[in-house]
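Written out below as C-alpha cells is the structure these notes cover.
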Amino acid sequence: MVENNQPEEADTMKTKTWTNLFQRNRAVENSMSLAYIPLQLIYGQVVVQLDKVEVDLETEKWKNAVIAYIIGKTPGYNAMKRFVGINWANVVEPELYLHEEGYYNIKFQNVDDMKEINYFGPYTFNNRPIILKPWTPDFDFNEEFPTEIPLWVQFPNLPMNCWGHGLLSRMASTIGTPIYADECTAKKTRVSFARMLIEVNITKDLLVRYDWKPEFCQKCLVVGHKCGMKQQQNKQQEKQQGRRREPKKVTMEWRCKRPLKGGDSHANQPEDKN
C-alpha cells in the first residue's frame, strides 16, 4: 500500500506550482491580488512601462501627504502616533507610514487639514525640531533632505501696495520656492510683516527673518549641529564636571614659631651642670 502510494504522491507534487502553494495567502482580506503582465522588450532590454492613468490615480491619493523628518534619532511608530494624537488633535487623525531611511510619510484626510497643521508650525518632538515638507511624486529623501527645508520667513515693513499674490510670490522666489502665505498675511489682519512658508536651501546664508532655522554643519554636511559649537559645548560641560568633581586643594604652609618673650625663651633649654 505504501509503495503504491509513493508514485502517486510524487506525481501530485510535480503538478503543484508556486501559485497553488500560496493560493490561500492570496485569499486573505488584507492582501492584494496581482496579475501577470507580459514583458515588453525594447532593443533586447526588458522595460517596465507604467500606465499614466494608473499613476495619476495613485498620485491623487497622496496629494494630502507631507514628509516629516525629526532631527536626531527617529522616534518609533507608537511614539510618533501619540505625538500626532496629542498635538494635532484639531484635525482628523492622519495615517502614518514609517520609512527605514528615517522619516515619516503622513497622509491627511484632506488638503485643509494638511495646511492647518503647517500653519501652526514649527513643531518639536522631545525638544528636537520636526521638519515638514509637502509630498511630491519625485520626492527623493537622499537628495532633498535635510538641505531643502520649508521655513516660515518674515518680510517686515512691507508697503500696503505690495501685499498682492504676485508681488509676495516674487519676493518669496528670491529666497527659494514659495509654498503659501499664512492666514494673517492672506487676510492682512497683521500688517507689521508678511509671513510665508518657503522651501529654502539651509546650506546657504539666509539674510532674512525666520521663525526657526536648523543648525547646519558645513564640515559634516549634517543638519542638527555645528562642529565648532558642539566642541565648545563639550568643553564647557567638561569644565563644569571638573569643578564638581575636583577635590579641594589642601595647601601646607611652614611657619616659624615665635620666640618666647624675655627669659622664657630659654626656659625649655637644658641646665648647664658645670
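Excluded from the calculations below are hydrogen atoms, water molecules and symmetry mates; all remaining heavy atoms, backbone and side chain alike, are included. Values in this document were obtained by computation on a predicted structure and should not be read as measured data.
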field: Qualifying salt bridge (Lys or Arg N to Asp or Glu O under 4.0 Å) pairs, either residue in residues 84-94, two or more places apart
entry: Lys81-Glu93
message: Quick test of your reading: applying ring-ring contact (aromatic ring centres under 6.0 Å, His included), list the pairs with at least one residue in residues 33-59, sequence neighbours left out, ordered by first then second residue.
response: none
- prompt: If you link I, L, V, M, F, W and Y whenever their side-chain heavy atoms are under 4.5 Å apart, who else ends up in the same group as Leu50?
  reply: Val48, Val55
- request: Sorted by first residue and then second, give each salt bridge (Lys or Arg N to Asp or Glu O under 4.0 Å) pair with at least one member in residues 96-110; sequence neighbours left out.
  value: none
message: Using the rule that Ile, Leu, Val, Met, Phe, Trp and Tyr join whenever any side-chain heavy atoms are under 4.5 Å apart, tell me whether Val92 and Val111 fall into a single cluster.
response: no
statement: Hits for salt bridge (charged side-chain N to carboxylate O under 4.0 Å, His left out) against Glu116, two or more places apart or cross-chain, chain-then-number order -> none
- prompt: Got a sec, which pairs hit salt bridge (Lys or Arg N to Asp or Glu O under 4.0 Å) with one end in residues 189-198, sequence neighbours left out?
  reply: Asp182-Arg190, Asp182-Arg195, Arg195-Asp211
- prompt: With sequence neighbours excluded, what pairs up with Arg209 under the salt bridge (charged side-chain N to carboxylate O under 4.0 Å, His left out) test?
  reply: none
message: Quick test of your reading: applying ring-ring contact (aromatic ring centres under 6.0 Å, His included), list the pairs with at least one residue in residues 161-193, sequence neighbours left out, ordered by first then second residue.
response: Tyr119-Tyr180
statement: Applying salt bridge (charged side-chain N to carboxylate O under 4.0 Å, His left out) to Lys188 and not counting sequence neighbours gives none
Pairwise salt bridge (Lys or Arg N to Asp or Glu O under 4.0 Å) hits with a residue in residues 50-74, at least two apart: Lys52-Asp56, Glu58-Lys61, Glu60-Lys63
- request: Using the test side-chain contact (heavy atoms from CB on, under 4.5 Å), find all partners of Ser173 that sit at least two apart in sequence or belong to another chain.
  value: Pro178
task: Name all residues meeting the salt bridge (charged side-chain N to carboxylate O under 4.0 Å, His left out) criterion together with Glu95; count only those two or more places apart in sequence or in a different chain, and write none if there are none.
output: none
